[in-house]
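Counting from 1, the numbers follow the sequence of the chain as shown.
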Amino acid sequence: MLFRASADTVAVMALDGSLFLHLNEQFFHVLGHRPGPSEARSWERSIPALATALNEAGLGNVEVILEYALPLNSRRVDAVLAGTHPATGEPSYVVVELKQWSRARPDEDDASLCHVDRYTRPVLHPVEQVRRYCQYIANFNGAVAGHPGRVSGAAYLHNATESGVVGLRAVECDDQGQLFTAGRRGEFLDYLRAKLSPTVPGVRAADELLSGKPVPSKQLMSVAAQEVREREQFVLLDEQQVAYRMVLNAVRRAKQADRKEVVIVTGGPGTGKSVIALSLLGELYRQGVPAFHATGSQSFTKTMRKVAGARKREVQDLFKYFNSFMTAEKNSLDVLICDEAHRIRETSANRYTPAAHRTGKAQIDELIDVAHVPVFLLDEHQVVRPGERGTEADIRAAAAARGLTCTVVPLDSQFRCGGSEAYLRWVVRLLGLAPGGPVTWIPDDRMQLRVADSPEEMESFLEGRRAQRYGARMAAGYCWPWSDEPRPGDPLPTDVVIGAWGRPWNLRGERGVAGAPPSALWATDPAGFGQIGCVYTAQGFEYDWSGVIIGPDLVWRGDRWITDRTASKDPVFKKSTPDADVDRLIRNTYKVLLTRGMVGTVVYATDAETREKLRELVGERDAVAAV
């Protein structure tokens with residue numbers, strides 16, 4: 001939230017200009033950068049239109065929450081109006097999406113998308129957008145959990161006439177998705193009066209909404225079965241829904257015109273790529289469309305098979321590996337959903353590949369050739385191994401070589417790390433993956449960050465969080481050798497040793513040993529806490545609290561990071577791997593590890609100077625011992 005006040009106050013502050021100064025300052029304080037010109041312009045033009053409508057409706061007592069941040073998500077809603085329902089006397093909330101559009105037309109192929117002249121790509125229909133905001137708030141804010149009827153939604157196109165947007169009326173409206181224009185302003189006022197009492201101040205209702213405890217996110221693994229077999233358990237927002245719809249539209253076009261299309265969905269950690277992948281797989285599976293989900297991650301694929309296919313073998317068979325399609329016929333699938341596509345390798349062949357199958361064909365080419373619509377979901381900053389070729393440029397080039405249409409859909413909002421954009425920016429600047437250098441961490445209300453002075457301190461802190469019923473894992477850079485797995489009945493070997501403290505790496509095999517889960521389930525089985533995970537078992541997963549050990553392969557010296565390839569025990573680094581590649585991959589490794597936590601991260605560095613730098617950046621106020 002950037003601002004909250006009564007409608008009367010909002011109107012006065014909008015008139016004298018102080019509201020926009022306040023919003024600018026709050027935006028900078030919360031997000032760490034200034035708003036763009038288009039966002040600032042929308043405040044100056046749209047908020048007065050809403051405030052005027054509220055006051056003309058006699059609703060000056062209603063509380064107006066501007067730029068309300070969705071729980072566990074970086075997306076912000078233009079405005080939430082809080083008050084009391086005039087008929088029921090219960091708290092009532094109206095989500096309002098404000099649009100400056102004067103004209104818009106529906107997409108020819110999909111009424112849930114629309115086109116506006118200022119945008120090069122289709123955007124989500126405003127009714128669909130506000131409806132999904134309402135659903136998300138009802139799902140994830142404890143103040144209205146179990147009371148979805150308390151949340152209503154409207155898109156207000158205050159510059160538009162009916163003739164300018166008449167095509168948008170094709171989308172069916174309901175209580176959580178209404179559309180009003182300047183031409184139907186009177187109906188908008190009536191709608192607001194029907195939802196909000198003019199006599200009861202909205203202060204209490206606003207307090208309840210803003211203090212509502214976020215309902216724990218429906219984490220990907222725990223609902224995969226329902227997601228695939230029944231219907232969406234996740235609410236896809238904004239560009240997530242656009243990506244979802246564009247893939248389904250590409251599938252329909254490919255079937256009708258007998259042609260191939262490539263779709264690339266790009267986004268950082270937690271932007272919902274895997275949620276989109278599962279939503280697509282579930283929908284296509286229900287439609288009877290031949291489709292598979294594929295990754296290059298053994299852990300992710302095996303977990304999907306175990307959770308999503310717990311009762312149906314055919315569901316387990318939907319989850320494949322990238323190298324599963326070496327001998328498949330061209331266009332034998334309608335759709336192939338390549339999740340974690342940044343892990344695509346140069347070729348599918350490995351030491352176990354029969355000679356007859358060693359064609360030398362690029363893995364990207366195999367994946368494109370096998371399906372009418374290959375879909376790639378990727379984050380280039382999660383490339384952590386030499387030879388991984390899943391970049392947007394490589395995929396676009398492979399599509400162009402075949403003369404195929406290639407659509408790229410970027411994702412911006414993110415759900416991991418409590419939805420904290422500030423934390424993600426802090427991580428990438430800390431590691432030198434974004435310009436500007438490391439900056440001091442400024443705590444926000446979404447993500448917690450702690451620095452530990454010892455591994456014992458870190459583990460003790462995480463044990464405390466587990467006692468509070470949070471999930472937690474510890475992971476480390478690949479700086480300690482990996483012992484052979486013990487024989488049945490023997491204890492796990494202590495691999496990660498730091499002073500007097502030591503813990504085993506996660507298991508490598510497919511069976512549990514000594515109470516520890518198999519490798520593929522380390523991130524999702526509660527018994528995984530006793531072992532230290534590596535980037536290959538952590539990547540693609542999330543847990544409430546993340547403990548990260550920065551090993552001697554990445555140390556701070558003077559004014560910069562130094563990577564020491566000799567300290568890495570990762571067998572994927574060969575003598576022939578260039579130093580620049582090793583440096584990039586080590587930094588990417590820690591970026592992955594530092595972005596697994598949903599609630600908070602505790603970081604410990606084995607190097608004293610590095611610990612001191614982290615303490616300087618994070619501050620004594622966030623020391624583990626002080627919590």
Q: Would you sort out whether Leu594 and Leu431 count as a side-chain contact (heavy atoms from CB on, under 4.5 Å), showing the intermediate values?
A: CA-CA 10 Å; Leu594 287 166; Leu431 297 172; 4.3 Å; yes
Is it true that a side-chain atom of [X] and a backbone atom of [Y] form a donor plus acceptor pair closer than 3.5 Å?
X: Asp339; Y: Leu377; answer: no
X: Ser211; Y: Asp207; answer: yes
X: Asp544; Y: Met598; answer: no
X: Ser460; Y: Glu456; answer: no
X: Trp101; Y: Val116; answer: no
X: Arg429; Y: Gly437; answer: yes

Heavy-atom pair with the smallest gap, counting every atom of [X] and [Y]:
X: Asp379; Y: Gly267; result: CB-O, 3.0 Å
X: Arg466; Y: Ala472; result: CG-CB, 3.8 Å
X: Ser6; Y: Val64; result: C-CG2, 4.4 Å
X: Asn506; Y: Trp522; result: CB-CD1, 3.5 Å
X: Ser92; Y: Thr84; result: CB-C, 4.0 Å
X: Pro126; Y: Cys114; result: CD-SG, 4.1 Å

Q) Taking NZ, NE, NH1 and NH2 as the nitrogens, is one of them in Glu128 or Arg245 under 4.0 Å from a carboxylate oxygen of the other? A)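 Answer for the salt bridge query: no.
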Q: Run the salt-bridge test on Glu44 and Arg41 with the 4.0 Å N-O cut-off and return the result as yes or no.
A: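 No, Glu44 and Arg41 are not salt-bridged.
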Going by atom types only, do [X] and [Y] share a side-chain donor-acceptor pair under 3.5 Å?
X: His85; Y: Ser197; answer: no
X: Gln382; Y: Asn588; answer: no
X: Tyr604; Y: Asp453; answer: no
X: Glu187; Y: Tyr191; answer: no
X: Asp175; Y: Ser152; answer: yes
X: Ser18; Y: Asp16; answer: yes

What distance separates [X] [atom1] from [Y] [atom2], expressed to the nearest 0.5 Å?
X: Glu25; Y: His22; atom1: CD; atom2: NE2; value: 9.5 Å
X: Leu192; Y: Glu56; atom1: CG; atom2: CD; value: 11.0 Å
X: Gln176; Y: Arg131; atom1: CD; atom2: CZ; value: 8.0 Å
X: His125; Y: Gln129; atom1: NE2; atom2: CD; value: 11.0 Å
X: Ser274; Y: Leu281; atom1: OG; atom2: CG; value: 11.5 Å
X: Arg169; Y: Leu179; atom1: CZ; atom2: CG; value: 4.0 Å

Q: Report the C-alpha separation of Cys134 and Ile137 in whole Å, then their side-chain angles, then the decisive distance to 0.1 Å, and conclude whether the side-chain contact (heavy atoms from CB on, under 4.5 Å) test is met.
A: CA-CA 5 Å; Cys134 291; Ile137 292 170; 6.0 Å; no
Taking atom [atom1] of [X] as the centre, does the number of heavy atoms from other residues, nucleotides or ligands within less than 6.0 Å exceed 12?
X: Gln468; atom1: CD; result: yes
X: Arg469; atom1: CZ; result: no
X: Arg204; atom1: CZ; result: no

(Q) Out of the candidates Asp78, Val10, Leu81, only one should pair with Leu50 under the side-chain contact (heavy atoms from CB on, under 4.5 Å) rule; please name it. (A)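 Of Asp78, Val10, Leu81, side-chain contact (heavy atoms from CB on, under 4.5 Å) with Leu50 is met by Leu81 alone.
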Q.
Please determine whether side-chain contact (heavy atoms from CB on, under 4.5 Å) holds for the pair Glu457 and Arg450, giving the CA-CA distance in whole Å, both sets of side-chain angles, and the decisive distance to 0.1 Å.
A. CA-CA 11 Å; Glu457 191 177 74; Arg450 304 283 186 262; over 6 Å; no
Q: Would you please test Gln531 and Arg503 for side-chain contact (heavy atoms from CB on, under 4.5 Å) and show each step?
A: CA-CA 6 Å; Gln531 310 94 51; Arg503 292 293 179 268; over 6 Å; no
Q: Would you please classify the geometry between the Phe188 ring and the Phe180 ring as parallel, tilted or perpendicular, with 30° and 60° separating the classes?
A: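 Geometry flag for Phe188 against Phe180: tilted rings.
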Q | 4.5 Å side-chain heavy-atom contact, Trp426 and Pro438 | A |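 No. Closest side-chain heavy atoms not under 4.5 Å.
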Q.
Walk me through whether Thr595 and Tyr423 qualify under side chain to side chain donor-acceptor pair (under 3.5 Å).
A. CA-CA 9 Å; Thr595 54; Tyr423 177 74; over 6 Å; no
Q: Begin from the C-alpha positions of Arg611 and Glu616 and carry the test salt bridge (Lys or Arg N to Asp or Glu O under 4.0 Å) through to its verdict.
A: CA-CA 9 Å; Arg611 281 200 305 277; Glu616 172 192 327; over 6 Å; no
Q: Run the ring-centre check on Trp545 versus Phe461 and record whether the distance is less than 6.0 Å.
A: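 When the ring centroids of Trp545 and Phe461 are compared, they turn out to be within the sub-6.0 Å range.
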**Q.** Any residue meeting salt bridge (charged side-chain N to carboxylate O under 4.0 Å, His left out) with Glu612, in chain and number order, not counting sequence neighbours
**A.**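 Expected list: none.
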Q.
Could you check whether Arg596 makes a cation-pi contact with Phe541, meaning its NZ or CZ is under 6.0 Å from the centre of the six-membered ring and within 45° of the ring axis?
A.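 No, Arg596 does not sit over the ring of Phe541.
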Q: Answer yes or no for Arg150 and Tyr93: cation-pi contact, defined as NZ/CZ to six-membered ring centre under 6.0 Å and angle to ring axis within 45°.
A: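 No, Arg150 and Tyr93 do not form such a contact.
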Q | Residue among Lys273, Arg121, Arg132, Arg75 satisfying salt bridge (charged side-chain N to carboxylate O under 4.0 Å, His left out) with Glu239 | A |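 That would be Arg75.
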